[in-house]
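Okay, so here's the structure we're looking at.
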2 protein chains.
Amino acid sequence: MKNRPYHHGDLPAALLARAEQTLREKGSGALSLRELAREIGVSPAAPNRHFKTKQALLDALALTGFERLAETLAASQEGVGAAFAARMDAAARAYVGFAVANAALLDLMFSVKHSPEASEALGAAAQQWSEQLLELIGDGQRRGEVREGQLERVALPVFAALHGYAGLAVSGMLPAEVTEHGLDDLIASILRSCAPQ
Amino acid sequence: MKNRPYHHGDLPAALLARAEQTLREKGSGALSLRELAREIGVSPAAPNRHFKTKQALLDALALTGFERLAETLAASQEGVGAAFAARMDAAARAYVGFAVANAALLDLMFSVKHSPEASEALGAAAQQWSEQLLELIGDGQRRGEVREGQLERVALPVFAALHGYAGLAVSGMLPAEVTEHGLDDLIASILRSCAPQ
DNA sequence: ACCTGAACACCGTTCAAGT
DNA sequence: ACCTGAACACCGTTCAAGT
């Protein structure tokens with residue numbers, strides 16, 4: 001055993017990885033800095049070097065969530081054709097799929113209690129994925145498959161519908177019978193509201 | 001001073017009232033059972049008589065939120081006329097208004113981490129206000145101002161749009177310029193997606 | 001620079017005991 | 001029935017000290 005670093009190399013990454021695991025397995029309420037440190041095998045004060053506060057770790061976690069969401073969304077557009085309806089369908093399923101597969105993380109990403117500075121960084125990350133949706137809708141407009149109007153203003157109701165359906169699904173507000181056709185209905189509704197004339 | 005009750009009469013109500021106040025003023029993260037007890041002037045163990053756990057108090061708080069939301073929604077329908085567009089417009093503004101005026105409470109109401117039994121009670125409370133929206137849309141169908149289809153399936157995308165816009169607004173994801181016309185755009189989109197044919 | 005060890009001021013929850 | 005007082009096992013955060 002040579003002079004390896006103090007513990008095992010990359011404490012910040014280890015903290016984030018562990019944190020997301022317990023977030024997924026036990027929910028955000030059970031996320032304790034001390035327990036994280038215990039599981040990784042460092043002292044209770046060690047995390048403080050890398051995340052000044054617990055909220056800072058949560059903010060960092062939310063940021064990775066936005067990045068992964070952007071990747072998921074980008075992947076959904078591969079080999080799906082150029083028609084607006086098909087692209088929107090794929091994007092909607094990707095977004096809702098990500099949401100239900102990462103419920104606690106999504107809660108964190110859109111949580112009310114971010115610090116002002118963190119909100120700035122998160123806003124940028126959120127924009128990163130929202131621009132994909134904007135591009136998709138803008139393309140639809142150019143193809144004549146989406147009604148005219150300022151891009152952001154056309155897109156906002158689409159955002160709201162997707163985000164709202166994901167939120168309802170994640171918080172368990174949708175009866176089981178609904179989940180079978182709910183997403184289909186939502187997509188149909190979005191397409192209707194986007195249609196020209 | 002006669003033999004008044006142990007503290008001042010109604011500890012459960014006092015706890016709920018104080019809890020909502022600090023929820024509004026300092027956010028859900030700053031909600032401490034011990035501090036609540038301190039402010040009210042009872043021992044740290046007193047709340048336990050009425051709310052077996054902190055989560056139980058949060059669940060009760062969420063329940064009052066759904067009740068007040070239902071009242072707000074009902075009030076929005078008074079003297080608004082019978083036309084679907086007008087009723088939906090009023091309901092949408094009432095919902096989003098309630099959301100931004102009670103951001104932390106809304107977060108709680110649609111939180112992921114309710115206990116299974118609490119979810120049942122909350123589901124009932126949520127249904128209480130959702131039925132108002134269902135009635136509104138059903139009436140629109142009968143008037144021929146809303147497209148046909150199973151009521152719940154027509155309503156779900158509307159729910160999603162409202163809930164999603166509220167969530168985006170509450171979590172600060174909407175730039176300031178947007179809030180001026182965002183809600184108008186959303187309502188227009190909802191009406192478009194509800195239109196017959 | 002990165003981490004430890006110990007300390008501080010807080011938690012939620014439990015439980016015997018009081019009224 | 002309703003609450004107190006004290007205790008238990010935990011927190012997040014700070015800070016001198018070590019390597």
Side-chain angles (χ1 to χ4, degrees), chain A residues 1-23 25-62 104 108 111-115 117-118, chain B residues 1-23 25-62 104 108 111-115 117-118:
Chain A
M1 256 188 213
K2 292 209 185 174
N3 61 337
R4 65 165 173 181
Y6 232 73
H7 64 296
H8 61 66
D10 194 348
L11 185 50
L15 282 167
L16 284 173
R18 267 282 179 188
E20 202 206 318
Q21 187 182 340
T22 74
L23 194 68
E25 291 172 358
K26 304 184 200 170
S28 67
L31 200 60
S32 148
L33 236 38
R34 285 186 104 106
E35 189 173 8
L36 248 41
R38 228 178 291 132
E39 291 170 340
I40 295 179
V42 301
S43 93
N48 184 27
R49 280 283 132 184
H50 311 282
F51 302 103
K52 253 169 290 186
T53 173
K54 184 184 182 180
Q55 186 60 49
L57 189 152
L58 296 181
D59 291 340
L61 213 51
L108 211 68
S111 163
V112 201
K113 46 187 172 186
H114 296 298
S115 58
E117 333 87 66
Chain B
M1 255 183 214
K2 295 209 183 171
N3 60 336
R4 65 169 174 179
Y6 231 74
H7 67 296
H8 60 65
D10 195 347
L11 184 50
L15 283 167
L16 284 173
R18 267 281 177 190
E20 202 205 318
Q21 188 182 337
T22 73
L23 193 67
E25 291 170 0
K26 306 184 199 168
S28 68
L31 200 60
S32 147
L33 236 38
R34 283 184 105 107
E35 189 174 8
L36 248 42
R38 227 178 290 131
E39 290 170 340
I40 294 182
V42 302
S43 92
N48 185 26
R49 280 283 133 184
H50 310 282
F51 302 103
K52 255 169 287 185
T53 175
K54 184 184 182 181
Q55 186 61 49
L57 187 151
L58 296 180
D59 292 340
L61 213 52
L108 211 67
S111 162
V112 200
K113 48 187 171 185
H114 296 297
S115 57
E117 333 87 64

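No experiment lies behind these values; they were computed from the predicted model shown. Labels below follow one simple rule: chain letters A, B, ... track the order of the sequence lines, proteins then strands, and each chain is numbered from 1.
In this entry the distance linking CG of A:Asp10 with P of C:dA1 reads 17 Å, nearest Å. Look at CG on A:Leu15: it is 12 Å from C1' on C:dC3, rounded to the nearest Å. In this structure, A:Glu39 places its CD atom 14 Å from P of D:dC10, rounding to the nearest Å. Atom pair B:Arg38:CZ and D:dT4:P shows a separation of 14 Å (rounding to whole Å applied). The distance between atom CG of A:Asn48 and atom P of C:dA7, rounded to the nearest whole Å, is 19 Å. Between A:Leu31 atom CG and D:dC11 atom P there is a gap of 11 Å when expressed in whole angstrom units. Summarising the geometry, the separation between NZ on B:Lys52 and P on D:dC2 is reported as 14 Å, rounded to the nearest angstrom. For the pair B:Leu36 CG and C:dG12 C1', the computed distance is 13 Å after rounding to whole Å.
The nucleotide C:dG18 finds its pairing partner in D:dC2, both defining distances of the Watson-Crick or G-U wobble pair being shorter than 3.5 Å. If you check C:dC11 for Watson-Crick or wobble pairing at under 3.5 angstrom, you find it has no partner at all.
With rounding to the nearest 0.5 Å, the separation of CD in B:Gln21 from CG in B:Leu16 is 13.0 Å. In this structure, OG1 on B:Thr53 lies 8.5 Å from CG on B:Asn48, to the nearest 0.5 angstrom. To the nearest 0.5 Å, atoms CD1 (B:Ile40) and CG (B:Leu11) are separated by 5.5 Å. Atoms OG and NZ, on A:Ser32 and A:Lys26 in that order, are 9.5 Å from each other to the nearest 0.5 Å.
Taking 4.0 angstrom as the limit, B:His50 places a side-chain polar atom (N or O) nearer than this to OP1 or OP2 of D:dC3. Phosphate contact (OP1/OP2 of C:dG12, side-chain N/O of B:Thr53, threshold under 4.0 Å): absent. For the pair A:Ser32 and D:dG12, the criterion of a side-chain N or O lying under 4.0 Å from OP1 or OP2 is met.
Positionally, the nearest nucleotide of DNA chain C for B:Lys54 lies more toward the 5' end than for the other of B:Lys54 and B:Arg49. Each of A:Ala45 and A:Glu35 lies near DNA chain D, and the nucleotide nearest A:Glu35 is the one positioned closer to the 5' end.
Counting all heavy atoms, side chain and backbone alike, B:Leu57 lies closest to B:Leu15 at CD1-CB, 4.3 Å.
Nearest nucleotide to the A:Leu33 side chain, out of D:dT13, C:dG12, C:dT4: D:dT13. Among the nucleotides D:dC11, C:dC11, C:dT4, the one closest to the side chain of B:Arg34 is C:dC11.
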